[in-house]
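One structure is given here, and the rest of the page talks about it.
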Amino acid sequence: MIARIAVLCGALMAGSAAAQVAKFTQFRYDGRTQERVTLTRGHYRNPVVAGYYPDPSVTRVGDDYYLVNSSFAHFPGIPVFRSKDLVNWAQIGNAIDRPDQLDFTGRRASQGVFAPDISYHAGTFYIANTCVECGGNFIVTARDPAGPWSRPIWLPFEGIDPSIYWEGGRAWIVNNRAPAEPPRYDGHRAIWVQEYDWRAGRMVGESTQLIDGGVDPATKPVWIEGPHLLKKDGWYYLTAAEGGTEDQHSQVVFRARSLRGPFVPFAGNPILTQRDLPAGRAQPVSSAGHAKLVQTQAGDWWATFLATRPYEDGRYSIGRETFLLPVTWRDGWPHILPRGARIPFAAARPRLPRGATPTLPTSGDFGYLDAFAGDTLAMQWIGLRTPKQPFHHVANGALTLQPGARFGDLNGVPSFVGRRQQHHVATVAVTMRYVPGRDGARAGLAAVQNDRSLLLFGVTQQRGKPVVALWTRTGADEDTLVATAPIDQARVVTLTIRANGGTMAFDYANGGAKRTLRAGVDVRFLSTKAAGGFVGTVIGPFDER
Ligand code: 6LW
(Lines give C-alpha, C1' and ligand atoms only; values in the text may rest on other atoms or scores of the structure.)
Protein backbone atom coordinates (compact mmCIF):
# COMPACT_ATOMS: atom_id res chain seq x y z
CA MET A 1 0.00 0.00 0.00
CA ILE A 2 2.77 2.36 0.94
CA ALA A 3 4.56 1.62 -2.32
CA ARG A 4 1.36 2.26 -4.24
CA ILE A 5 0.87 5.65 -2.59
CA ALA A 6 4.45 6.58 -3.37
CA VAL A 7 3.94 5.77 -7.04
CA LEU A 8 0.68 7.73 -7.12
CA CYS A 9 2.34 10.73 -5.49
CA GLY A 10 5.10 10.54 -8.09
CA ALA A 11 2.56 10.49 -10.87
CA LEU A 12 0.59 13.39 -9.39
CA MET A 13 3.68 15.49 -8.93
CA ALA A 14 4.79 14.66 -12.44
CA GLY A 15 1.40 15.45 -13.90
CA SER A 16 1.32 18.90 -12.40
CA ALA A 17 4.82 19.82 -13.57
CA ALA A 18 5.58 22.10 -16.47
CA ALA A 19 7.44 20.66 -19.50
CA GLN A 20 10.50 19.05 -18.06
CA VAL A 21 13.96 18.25 -19.23
CA ALA A 22 14.56 14.69 -20.40
CA LYS A 23 17.42 12.97 -18.59
CA PHE A 24 19.13 10.35 -20.68
CA THR A 25 21.16 7.94 -18.58
CA GLN A 26 22.26 5.23 -20.99
CA PHE A 27 22.78 4.83 -24.71
CA ARG A 28 23.47 1.37 -26.02
CA TYR A 29 24.46 0.35 -29.54
CA ASP A 30 24.89 -3.17 -30.84
CA GLY A 31 25.62 -3.80 -34.53
CA ARG A 32 26.02 -6.92 -36.66
CA THR A 33 27.38 -6.96 -40.19
CA GLN A 34 24.86 -8.22 -42.73
CA GLU A 35 27.53 -10.06 -44.74
CA ARG A 36 28.98 -13.38 -43.65
CA VAL A 37 32.75 -13.25 -43.57
CA THR A 38 35.21 -15.85 -42.37
CA LEU A 39 38.25 -14.03 -41.14
CA THR A 40 41.39 -16.14 -41.19
CA ARG A 41 44.63 -15.32 -39.39
CA GLY A 42 46.54 -12.49 -40.95
CA HIS A 43 43.46 -11.02 -42.63
CA TYR A 44 41.61 -7.78 -41.96
CA ARG A 45 38.02 -6.90 -42.56
CA ASN A 46 36.43 -4.39 -44.95
CA PRO A 47 35.13 -1.79 -44.48
CA VAL A 48 37.84 -0.73 -42.02
CA VAL A 49 35.67 2.14 -40.79
CA ALA A 50 32.00 1.13 -41.03
CA GLY A 51 29.10 3.51 -41.51
CA TYR A 52 28.97 7.16 -42.52
CA TYR A 53 32.71 7.81 -42.96
CA PRO A 54 32.97 8.76 -46.65
CA ASP A 55 35.62 10.36 -48.85
CA PRO A 56 38.57 9.03 -46.80
CA SER A 57 41.93 10.74 -47.11
CA VAL A 58 44.96 9.05 -45.60
CA THR A 59 48.54 10.12 -44.89
CA ARG A 60 51.56 8.63 -43.12
CA VAL A 61 53.86 10.45 -40.72
CA GLY A 62 56.70 8.17 -39.62
CA ASP A 63 55.03 4.98 -38.41
CA ASP A 64 51.63 6.58 -37.88
CA TYR A 65 48.72 6.82 -40.28
CA TYR A 66 46.02 9.47 -40.19
CA LEU A 67 42.61 9.41 -41.81
CA VAL A 68 39.91 12.06 -42.19
CA ASN A 69 36.35 11.88 -43.58
CA SER A 70 33.60 14.14 -44.83
CA SER A 71 30.97 15.16 -42.30
CA PHE A 72 28.81 17.72 -44.18
CA ALA A 73 26.61 19.82 -41.87
CA HIS A 74 27.22 17.64 -38.82
CA PHE A 75 29.00 19.20 -35.86
CA PRO A 76 31.58 18.51 -34.58
CA GLY A 77 32.95 17.76 -38.03
CA ILE A 78 35.82 16.13 -39.93
CA PRO A 79 36.66 13.16 -37.68
CA VAL A 80 40.40 12.48 -37.44
CA PHE A 81 41.57 8.86 -36.93
CA ARG A 82 45.01 7.40 -36.17
CA SER A 83 46.33 3.92 -36.90
CA LYS A 84 49.57 1.94 -36.76
CA ASP A 85 48.54 -0.68 -39.29
CA LEU A 86 45.90 0.91 -41.59
CA VAL A 87 43.39 -1.59 -40.18
CA ASN A 88 42.77 -0.65 -36.53
CA TRP A 89 41.60 2.97 -36.49
CA ALA A 90 40.90 5.03 -33.38
CA GLN A 91 39.32 8.45 -33.56
CA ILE A 92 41.56 11.05 -31.90
CA GLY A 93 39.57 14.21 -32.53
CA ASN A 94 37.37 16.33 -34.76
CA ALA A 95 39.07 19.02 -36.85
CA ILE A 96 35.95 21.21 -36.67
CA ASP A 97 34.86 21.36 -33.03
CA ARG A 98 34.50 25.07 -32.25
CA PRO A 99 31.69 27.28 -33.54
CA ASP A 100 34.23 29.97 -34.54
CA GLN A 101 35.66 27.70 -37.25
CA LEU A 102 32.73 27.10 -39.63
CA ASP A 103 29.08 28.11 -39.56
CA PHE A 104 26.64 25.55 -40.94
CA THR A 105 23.59 27.73 -40.20
CA GLY A 106 21.07 27.40 -43.04
CA ARG A 107 22.77 24.30 -44.43
CA ARG A 108 21.01 21.09 -45.30
CA ALA A 109 22.52 17.88 -43.87
CA SER A 110 24.48 17.10 -47.08
CA GLN A 111 25.92 20.59 -47.57
CA GLY A 112 28.77 21.82 -45.35
CA VAL A 113 32.16 20.11 -45.43
CA PHE A 114 32.77 17.84 -48.42
CA ALA A 115 35.78 15.59 -49.03
CA PRO A 116 38.74 16.71 -46.83
CA ASP A 117 42.39 15.93 -47.54
CA ILE A 118 44.99 15.45 -44.81
CA SER A 119 48.74 16.00 -45.28
CA TYR A 120 51.78 16.83 -43.16
CA HIS A 121 54.72 19.16 -43.65
CA ALA A 122 57.47 20.36 -41.30
CA GLY A 123 55.73 19.66 -38.02
CA THR A 124 52.24 20.78 -39.09
CA PHE A 125 49.17 18.84 -40.24
CA TYR A 126 47.06 20.37 -43.00
CA ILE A 127 43.46 19.64 -43.91
CA ALA A 128 42.34 21.13 -47.21
CA ASN A 129 38.58 21.16 -47.69
CA THR A 130 35.47 22.91 -48.98
CA CYS A 131 32.54 24.27 -47.00
CA VAL A 132 29.76 24.03 -49.58
CA GLU A 133 27.42 27.06 -49.34
CA CYS A 134 29.36 28.20 -46.27
CA GLY A 135 32.56 29.85 -47.46
CA GLY A 136 34.11 27.64 -50.11
CA ASN A 137 37.65 26.24 -50.07
CA PHE A 138 39.84 26.46 -46.98
CA ILE A 139 42.74 24.97 -45.03
CA VAL A 140 42.92 24.27 -41.30
CA THR A 141 46.19 23.36 -39.60
CA ALA A 142 47.27 21.73 -36.34
CA ARG A 143 50.55 20.81 -34.64
CA ASP A 144 48.73 17.95 -32.92
CA PRO A 145 46.29 16.05 -35.18
CA ALA A 146 44.06 15.47 -32.12
CA GLY A 147 43.56 19.24 -32.09
CA PRO A 148 43.05 22.05 -31.60
CA TRP A 149 42.81 22.80 -35.32
CA SER A 150 43.08 26.38 -36.53
CA ARG A 151 40.38 28.60 -37.87
CA PRO A 152 40.04 28.33 -41.65
CA ILE A 153 42.44 30.01 -44.04
CA TRP A 154 40.03 30.77 -46.89
CA LEU A 155 41.18 30.11 -50.44
CA PRO A 156 39.66 32.05 -53.34
CA PHE A 157 39.32 29.39 -56.05
CA GLU A 158 36.06 27.80 -57.17
CA GLY A 159 35.12 24.10 -56.93
CA ILE A 160 35.48 21.28 -54.42
CA ASP A 161 37.86 18.57 -53.14
CA PRO A 162 41.17 20.45 -52.76
CA SER A 163 44.22 18.31 -51.94
CA ILE A 164 47.76 19.48 -51.14
CA TYR A 165 50.79 18.03 -52.92
CA TRP A 166 54.14 18.74 -51.20
CA GLU A 167 57.52 18.73 -52.95
CA GLY A 168 60.83 20.36 -52.08
CA GLY A 169 59.35 22.61 -49.40
CA ARG A 170 56.66 23.90 -51.78
CA ALA A 171 52.97 23.07 -51.96
CA TRP A 172 50.45 22.82 -54.78
CA ILE A 173 46.71 22.32 -54.58
CA VAL A 174 44.80 20.18 -57.05
CA ASN A 175 41.02 20.36 -57.05
CA ASN A 176 37.81 19.94 -59.01
CA ARG A 177 36.83 23.19 -60.78
CA ALA A 178 34.73 24.23 -63.75
CA PRO A 179 36.44 23.48 -67.07
CA ALA A 180 38.30 26.24 -68.90
CA GLU A 181 35.75 26.07 -71.73
CA PRO A 182 32.02 26.40 -70.94
CA PRO A 183 30.76 22.98 -69.70
CA ARG A 184 29.57 20.84 -72.59
CA TYR A 185 27.18 18.69 -70.47
CA ASP A 186 25.89 18.24 -66.92
CA GLY A 187 28.72 16.87 -64.75
CA HIS A 188 31.46 18.25 -67.04
CA ARG A 189 34.18 19.30 -64.57
CA ALA A 190 37.96 19.64 -64.63
CA ILE A 191 41.00 19.14 -62.41
CA TRP A 192 43.24 22.15 -61.87
CA VAL A 193 46.53 22.79 -60.11
CA GLN A 194 47.87 25.96 -58.54
CA GLU A 195 50.73 26.67 -56.13
CA TYR A 196 49.87 27.35 -52.49
CA ASP A 197 52.24 29.60 -50.54
CA TRP A 198 51.87 27.79 -47.22
CA ARG A 199 53.93 30.36 -45.30
CA ALA A 200 51.70 33.22 -46.44
CA GLY A 201 48.51 31.11 -46.57
CA ARG A 202 47.54 32.14 -50.09
CA MET A 203 47.39 30.86 -53.64
CA VAL A 204 50.14 32.08 -55.96
CA GLY A 205 50.92 31.97 -59.65
CA GLU A 206 48.83 30.66 -62.46
CA SER A 207 46.21 27.91 -62.37
CA THR A 208 46.63 25.11 -64.88
CA GLN A 209 43.88 22.80 -66.04
CA LEU A 210 45.27 19.25 -65.86
CA ILE A 211 42.24 17.14 -66.82
CA ASP A 212 39.24 18.24 -68.86
CA GLY A 213 36.18 16.09 -68.09
CA GLY A 214 37.96 12.82 -67.35
CA VAL A 215 39.74 9.88 -68.95
CA ASP A 216 38.01 10.07 -72.34
CA PRO A 217 36.38 13.44 -73.04
CA ALA A 218 34.63 11.94 -76.10
CA THR A 219 32.45 9.80 -73.80
CA LYS A 220 31.37 12.85 -71.74
CA PRO A 221 32.72 11.60 -68.39
CA VAL A 222 31.02 13.08 -65.34
CA TRP A 223 32.20 14.36 -61.96
CA ILE A 224 35.97 14.07 -62.10
CA GLU A 225 36.74 14.86 -58.45
CA GLY A 226 38.69 14.00 -55.33
CA PRO A 227 42.09 14.43 -57.05
CA HIS A 228 45.43 13.63 -55.41
CA LEU A 229 48.95 13.98 -56.80
CA LEU A 230 51.92 11.77 -55.97
CA LYS A 231 55.39 11.33 -57.43
CA LYS A 232 57.08 7.99 -58.09
CA ASP A 233 60.07 7.02 -60.20
CA GLY A 234 60.17 10.37 -61.97
CA TRP A 235 56.44 10.39 -62.86
CA TYR A 236 53.69 12.56 -61.45
CA TYR A 237 50.56 10.47 -60.89
CA LEU A 238 47.19 12.14 -60.66
CA THR A 239 44.43 9.94 -59.31
CA ALA A 240 40.79 10.98 -59.09
CA ALA A 241 37.24 9.66 -58.86
CA GLU A 242 35.05 9.66 -61.96
CA GLY A 243 31.39 8.82 -62.61
CA GLY A 244 29.69 10.39 -59.58
CA THR A 245 29.54 9.02 -56.06
CA GLU A 246 26.67 6.60 -56.71
CA ASP A 247 26.78 3.22 -58.45
CA GLN A 248 28.81 4.55 -61.43
CA HIS A 249 31.63 5.59 -59.08
CA SER A 250 35.21 4.69 -60.04
CA GLN A 251 38.84 5.61 -59.53
CA VAL A 252 41.07 6.56 -62.44
CA VAL A 253 44.75 7.49 -62.85
CA PHE A 254 46.84 9.66 -65.16
CA ARG A 255 50.57 10.40 -65.29
CA ALA A 256 52.91 13.08 -66.57
CA ARG A 257 56.59 13.95 -66.50
CA SER A 258 55.81 17.43 -65.24
CA LEU A 259 53.51 18.57 -62.44
CA ARG A 260 51.58 20.80 -64.83
CA GLY A 261 51.10 18.01 -67.36
CA PRO A 262 50.32 17.00 -69.97
CA PHE A 263 48.67 14.10 -68.11
CA VAL A 264 48.00 10.91 -70.03
CA PRO A 265 45.32 8.46 -68.79
CA PHE A 266 46.21 4.86 -67.99
CA ALA A 267 44.89 2.53 -70.72
CA GLY A 268 43.64 0.17 -67.98
CA ASN A 269 41.35 2.72 -66.28
CA PRO A 270 39.39 2.54 -64.07
CA ILE A 271 41.76 1.07 -61.47
CA LEU A 272 38.80 0.53 -59.12
CA THR A 273 35.05 0.25 -59.68
CA GLN A 274 32.13 -2.09 -58.95
CA ARG A 275 29.86 -0.56 -61.57
CA ASP A 276 30.04 -3.38 -64.13
CA LEU A 277 29.24 -6.23 -61.74
CA PRO A 278 25.87 -8.04 -62.01
CA ALA A 279 23.11 -5.99 -60.36
CA GLY A 280 21.53 -8.88 -58.44
CA ARG A 281 24.75 -10.21 -56.85
CA ALA A 282 24.64 -11.40 -53.25
CA GLN A 283 26.28 -9.28 -50.52
CA PRO A 284 27.05 -6.40 -52.90
CA VAL A 285 29.67 -3.73 -52.36
CA SER A 286 28.83 -0.78 -54.56
CA SER A 287 29.79 2.81 -55.45
CA ALA A 288 33.55 2.29 -54.99
CA GLY A 289 35.92 5.17 -55.69
CA HIS A 290 37.40 8.31 -54.17
CA ALA A 291 40.70 6.58 -53.37
CA LYS A 292 43.91 7.96 -51.93
CA LEU A 293 47.20 6.06 -52.09
CA VAL A 294 49.69 5.87 -49.25
CA GLN A 295 53.12 4.21 -49.09
CA THR A 296 54.01 2.32 -45.91
CA GLN A 297 57.35 2.58 -44.12
CA ALA A 298 57.95 -0.95 -45.50
CA GLY A 299 57.61 0.41 -49.05
CA ASP A 300 54.21 -1.15 -49.86
CA TRP A 301 51.32 0.83 -51.31
CA TRP A 302 47.74 0.84 -50.07
CA ALA A 303 44.59 2.76 -50.94
CA THR A 304 41.74 3.95 -48.77
CA PHE A 305 38.51 4.60 -50.66
CA LEU A 306 34.77 4.79 -50.20
CA ALA A 307 32.18 2.17 -51.06
CA THR A 308 28.72 1.18 -49.88
CA ARG A 309 27.01 -2.03 -48.75
CA PRO A 310 23.38 -1.89 -49.93
CA TYR A 311 20.91 -4.07 -48.01
CA GLU A 312 18.62 -4.44 -51.06
CA ASP A 313 18.20 -2.99 -54.53
CA GLY A 314 20.88 -0.30 -54.20
CA ARG A 315 19.43 0.92 -50.90
CA TYR A 316 21.64 1.73 -47.95
CA SER A 317 20.99 4.06 -45.04
CA ILE A 318 24.30 3.88 -43.15
CA GLY A 319 26.19 6.05 -45.61
CA ARG A 320 29.33 5.62 -47.65
CA GLU A 321 32.06 3.79 -45.74
CA THR A 322 35.88 3.61 -45.61
CA PHE A 323 37.51 0.60 -47.27
CA LEU A 324 41.15 -0.46 -47.66
CA LEU A 325 42.88 -2.44 -50.41
CA PRO A 326 46.50 -3.04 -51.45
CA VAL A 327 47.91 -1.27 -54.49
CA THR A 328 50.30 -3.04 -56.83
CA TRP A 329 52.47 -1.27 -59.40
CA ARG A 330 52.94 -2.88 -62.81
CA ASP A 331 54.44 -1.31 -65.91
CA GLY A 332 54.52 2.07 -64.24
CA TRP A 333 50.86 2.16 -63.20
CA PRO A 334 49.05 1.50 -59.89
CA HIS A 335 46.38 -1.22 -59.78
CA ILE A 336 43.80 -1.55 -57.02
CA LEU A 337 41.33 -4.14 -58.31
CA PRO A 338 41.13 -6.01 -61.63
CA ARG A 339 38.11 -5.29 -63.82
CA GLY A 340 35.18 -7.48 -62.80
CA ALA A 341 36.63 -8.42 -59.39
CA ARG A 342 34.54 -7.91 -56.28
CA ILE A 343 35.83 -5.90 -53.35
CA PRO A 344 36.73 -8.51 -50.73
CA PHE A 345 35.29 -8.34 -47.22
CA ALA A 346 38.54 -9.93 -46.00
CA ALA A 347 42.08 -9.51 -47.34
CA ALA A 348 45.68 -10.07 -46.18
CA ARG A 349 46.79 -7.44 -43.68
CA PRO A 350 49.41 -4.83 -44.49
CA ARG A 351 52.99 -5.83 -43.59
CA LEU A 352 52.99 -3.55 -40.56
CA PRO A 353 53.32 -4.10 -36.82
CA ARG A 354 49.87 -4.89 -35.56
CA GLY A 355 48.19 -1.85 -33.99
CA ALA A 356 46.24 -1.98 -30.76
CA THR A 357 42.59 -2.94 -31.08
CA PRO A 358 40.73 0.31 -30.42
CA THR A 359 38.49 0.54 -27.36
CA LEU A 360 35.70 1.49 -29.72
CA PRO A 361 35.88 -0.80 -32.77
CA THR A 362 35.18 0.61 -36.23
CA SER A 363 34.82 -2.64 -38.19
CA GLY A 364 32.97 -5.94 -38.00
CA ASP A 365 30.37 -6.76 -35.33
CA PHE A 366 30.57 -4.46 -32.34
CA GLY A 367 28.62 -2.70 -29.66
CA TYR A 368 29.15 -0.18 -26.91
CA LEU A 369 27.44 1.38 -23.95
CA ASP A 370 27.65 5.10 -23.22
CA ALA A 371 26.59 5.80 -19.63
CA PHE A 372 27.45 9.52 -19.89
CA ALA A 373 30.29 9.40 -17.41
CA GLY A 374 32.42 12.54 -16.97
CA ASP A 375 31.27 15.99 -18.03
CA THR A 376 31.45 15.96 -21.84
CA LEU A 377 30.12 13.85 -24.65
CA ALA A 378 32.52 11.42 -26.32
CA MET A 379 33.93 12.79 -29.60
CA GLN A 380 31.79 10.36 -31.65
CA TRP A 381 28.57 12.26 -30.82
CA ILE A 382 27.39 14.65 -33.51
CA GLY A 383 24.54 17.08 -34.00
CA LEU A 384 23.14 18.98 -36.95
CA ARG A 385 24.63 22.40 -37.83
CA THR A 386 26.91 24.64 -35.79
CA PRO A 387 25.56 25.43 -32.31
CA LYS A 388 25.87 29.08 -31.31
CA GLN A 389 26.24 28.00 -27.69
CA PRO A 390 26.65 24.67 -25.91
CA PHE A 391 23.33 22.83 -25.90
CA HIS A 392 24.19 19.47 -24.39
CA HIS A 393 25.13 18.94 -20.80
CA VAL A 394 26.63 15.84 -19.21
CA ALA A 395 26.68 15.57 -15.42
CA ASN A 396 26.05 12.93 -12.76
CA GLY A 397 25.73 10.17 -15.32
CA ALA A 398 23.04 11.87 -17.38
CA LEU A 399 22.78 13.76 -20.64
CA THR A 400 20.37 16.68 -20.91
CA LEU A 401 19.67 18.87 -23.93
CA GLN A 402 18.79 22.57 -24.03
CA PRO A 403 15.70 23.53 -26.04
CA GLY A 404 16.58 23.96 -29.68
CA ALA A 405 15.04 24.39 -33.11
CA ARG A 406 12.65 21.85 -34.57
CA PHE A 407 14.04 19.48 -37.18
CA GLY A 408 13.48 21.15 -40.53
CA ASP A 409 14.37 24.65 -39.32
CA LEU A 410 17.63 25.01 -41.25
CA ASN A 411 18.48 28.18 -39.37
CA GLY A 412 18.57 26.40 -36.06
CA VAL A 413 20.21 23.50 -34.30
CA PRO A 414 17.82 20.73 -33.28
CA SER A 415 17.93 19.60 -29.68
CA PHE A 416 19.52 16.33 -30.79
CA VAL A 417 22.81 14.47 -30.60
CA GLY A 418 23.43 11.08 -32.12
CA ARG A 419 25.83 8.39 -33.16
CA ARG A 420 26.23 7.01 -36.64
CA GLN A 421 24.27 3.84 -37.37
CA GLN A 422 27.22 1.71 -38.52
CA HIS A 423 25.42 -1.55 -39.35
CA HIS A 424 22.21 -2.30 -41.21
CA VAL A 425 21.47 -4.85 -38.49
CA ALA A 426 21.61 -2.80 -35.31
CA THR A 427 19.92 -2.40 -31.95
CA VAL A 428 19.99 1.08 -30.46
CA ALA A 429 18.51 1.80 -27.04
CA VAL A 430 18.24 4.77 -24.73
CA THR A 431 17.13 4.90 -21.12
CA MET A 432 15.55 8.10 -19.87
CA ARG A 433 13.40 9.81 -17.31
CA TYR A 434 10.96 12.28 -18.79
CA VAL A 435 7.73 14.03 -17.89
CA PRO A 436 6.45 15.91 -20.95
CA GLY A 437 4.41 18.31 -18.76
CA ARG A 438 2.29 19.53 -21.67
CA ASP A 439 0.67 18.11 -24.78
CA GLY A 440 3.05 17.96 -27.75
CA ALA A 441 6.35 18.14 -25.86
CA ARG A 442 8.36 15.06 -26.78
CA ALA A 443 11.73 13.42 -26.14
CA GLY A 444 13.33 10.11 -26.98
CA LEU A 445 15.35 8.59 -29.81
CA ALA A 446 15.56 10.18 -33.26
CA ALA A 447 16.92 8.41 -36.35
CA VAL A 448 17.88 11.18 -38.75
CA GLN A 449 19.06 11.03 -42.34
CA ASN A 450 18.25 14.72 -42.92
CA ASP A 451 15.70 17.36 -41.87
CA ARG A 452 13.02 15.86 -44.12
CA SER A 453 13.81 12.15 -43.74
CA LEU A 454 13.77 11.03 -40.14
CA LEU A 455 11.79 9.27 -37.45
CA LEU A 456 11.15 10.08 -33.81
CA PHE A 457 10.46 7.40 -31.21
CA GLY A 458 9.74 8.96 -27.86
CA VAL A 459 7.53 9.92 -24.99
CA THR A 460 4.94 12.65 -25.37
CA GLN A 461 1.69 13.78 -23.77
CA GLN A 462 -1.64 13.48 -25.56
CA ARG A 463 -4.75 15.07 -24.02
CA GLY A 464 -2.96 15.17 -20.69
CA LYS A 465 -1.87 11.52 -20.79
CA PRO A 466 1.71 10.32 -21.24
CA VAL A 467 2.27 7.97 -24.16
CA VAL A 468 5.13 6.45 -26.07
CA ALA A 469 4.83 7.36 -29.74
CA LEU A 470 6.41 6.84 -33.13
CA TRP A 471 6.43 9.52 -35.84
CA THR A 472 7.94 9.30 -39.30
CA ARG A 473 8.89 12.12 -41.65
CA THR A 474 9.23 10.57 -45.09
CA GLY A 475 10.73 13.16 -47.39
CA ALA A 476 8.33 15.81 -46.09
CA ASP A 477 8.15 18.77 -43.73
CA GLU A 478 5.43 17.17 -41.59
CA ASP A 479 5.49 14.16 -39.29
CA THR A 480 3.09 11.24 -39.50
CA LEU A 481 2.04 9.71 -36.20
CA VAL A 482 2.38 5.95 -36.66
CA ALA A 483 1.50 4.49 -33.25
CA THR A 484 1.06 5.32 -29.56
CA ALA A 485 0.72 3.37 -26.31
CA PRO A 486 0.12 4.59 -22.75
CA ILE A 487 2.97 4.64 -20.27
CA ASP A 488 3.61 5.58 -16.67
CA GLN A 489 5.77 8.69 -16.81
CA ALA A 490 6.87 8.27 -13.22
CA ARG A 491 8.92 5.29 -14.27
CA VAL A 492 12.10 5.08 -16.23
CA VAL A 493 11.56 4.42 -19.94
CA THR A 494 13.87 2.42 -22.19
CA LEU A 495 13.31 2.87 -25.91
CA THR A 496 14.84 0.36 -28.29
CA ILE A 497 15.07 0.53 -32.06
CA ARG A 498 15.85 -2.73 -33.85
CA ALA A 499 17.01 -2.01 -37.39
CA ASN A 500 17.24 -4.66 -40.05
CA GLY A 501 17.90 -3.25 -43.50
CA GLY A 502 14.76 -1.52 -44.70
CA THR A 503 12.66 -2.22 -41.62
CA MET A 504 12.74 -1.25 -37.97
CA ALA A 505 10.95 -2.42 -34.84
CA PHE A 506 10.25 -0.17 -31.86
CA ASP A 507 10.24 -1.57 -28.32
CA TYR A 508 9.71 0.14 -25.00
CA ALA A 509 10.08 -0.90 -21.39
CA ASN A 510 8.47 1.14 -18.62
CA GLY A 511 8.94 -0.64 -15.35
CA GLY A 512 7.59 -3.97 -16.54
CA ALA A 513 8.41 -6.28 -19.41
CA LYS A 514 9.55 -4.97 -22.76
CA ARG A 515 6.71 -4.40 -25.25
CA THR A 516 6.77 -3.75 -28.97
CA LEU A 517 5.01 -0.60 -30.10
CA ARG A 518 5.35 -1.45 -33.77
CA ALA A 519 7.45 -3.96 -35.73
CA GLY A 520 8.20 -4.27 -39.43
CA VAL A 521 8.00 -0.52 -40.06
CA ASP A 522 9.16 0.27 -43.59
CA VAL A 523 12.07 2.70 -43.16
CA ARG A 524 13.36 2.69 -46.73
CA PHE A 525 12.73 6.46 -46.66
CA LEU A 526 15.95 6.65 -44.60
CA SER A 527 17.97 5.20 -47.49
CA THR A 528 20.19 7.46 -49.58
CA LYS A 529 18.24 6.30 -52.64
CA ALA A 530 15.06 7.83 -51.20
CA ALA A 531 16.45 10.69 -49.11
CA GLY A 532 19.28 11.77 -51.45
CA GLY A 533 22.48 13.30 -50.15
CA PHE A 534 25.84 12.06 -48.98
CA VAL A 535 25.35 11.27 -45.28
CA GLY A 536 24.20 8.27 -43.21
CA THR A 537 21.57 7.77 -40.53
CA VAL A 538 22.47 9.24 -37.15
CA ILE A 539 20.56 7.96 -34.11
CA GLY A 540 20.39 9.50 -30.66
CA PRO A 541 18.51 11.43 -28.00
CA PHE A 542 16.26 14.38 -28.86
CA ASP A 543 14.23 16.68 -26.62
CA GLU A 544 11.66 18.95 -28.32
CA ARG A 545 9.94 21.19 -25.83
C1 6LW B 1 32.78 14.72 -52.65
C2 6LW B 1 33.19 14.09 -53.90
C3 6LW B 1 32.51 12.84 -53.79
O4 6LW B 1 33.09 16.05 -52.56
O5 6LW B 1 31.31 13.07 -53.21
O6 6LW B 1 32.53 10.58 -53.89
C7 6LW B 1 31.32 14.39 -52.76
N8 6LW B 1 33.01 11.74 -54.11
O9 6LW B 1 34.55 13.93 -54.07
C10 6LW B 1 30.58 14.48 -51.49
O11 6LW B 1 31.06 13.53 -50.60
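Each ligand, and each atom within it, is numbered from 1 in the order the structure gives. We're numbering straight along the sequence, starting at 1.
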For Gln248, I'd like to know if atom CD has over 12 heavy atoms of other residues, nucleotides or ligands within 6.0 Å. yes
Ring centre gap for Phe75 and Trp381 strictly below 6.0 Å: no
Indicate whether the side chain of Thr208 and that of Arg260 have a donor and an acceptor atom separated by less than 3.5 Å. yes
Do we see a donor-acceptor contact under 3.5 Å between the side chains of Arg320 and Thr245? yes
For ligand 1, the residues whose heavy atoms come within less than 4.0 Å (ordered by chain, then number): Asp55, Phe72, Phe114, Ala115, Ile160, Asp161, Glu225, Thr245, His249, His290, Leu306, Arg320, Phe534
Do Lys220 and Tyr185 get their side chains close enough for a donor-acceptor pair, meaning under 3.5 Å? no
Spell out, as yes or no, whether a donor-acceptor pair under 3.5 Å connects the side chain of His74 to the backbone of Leu384. no
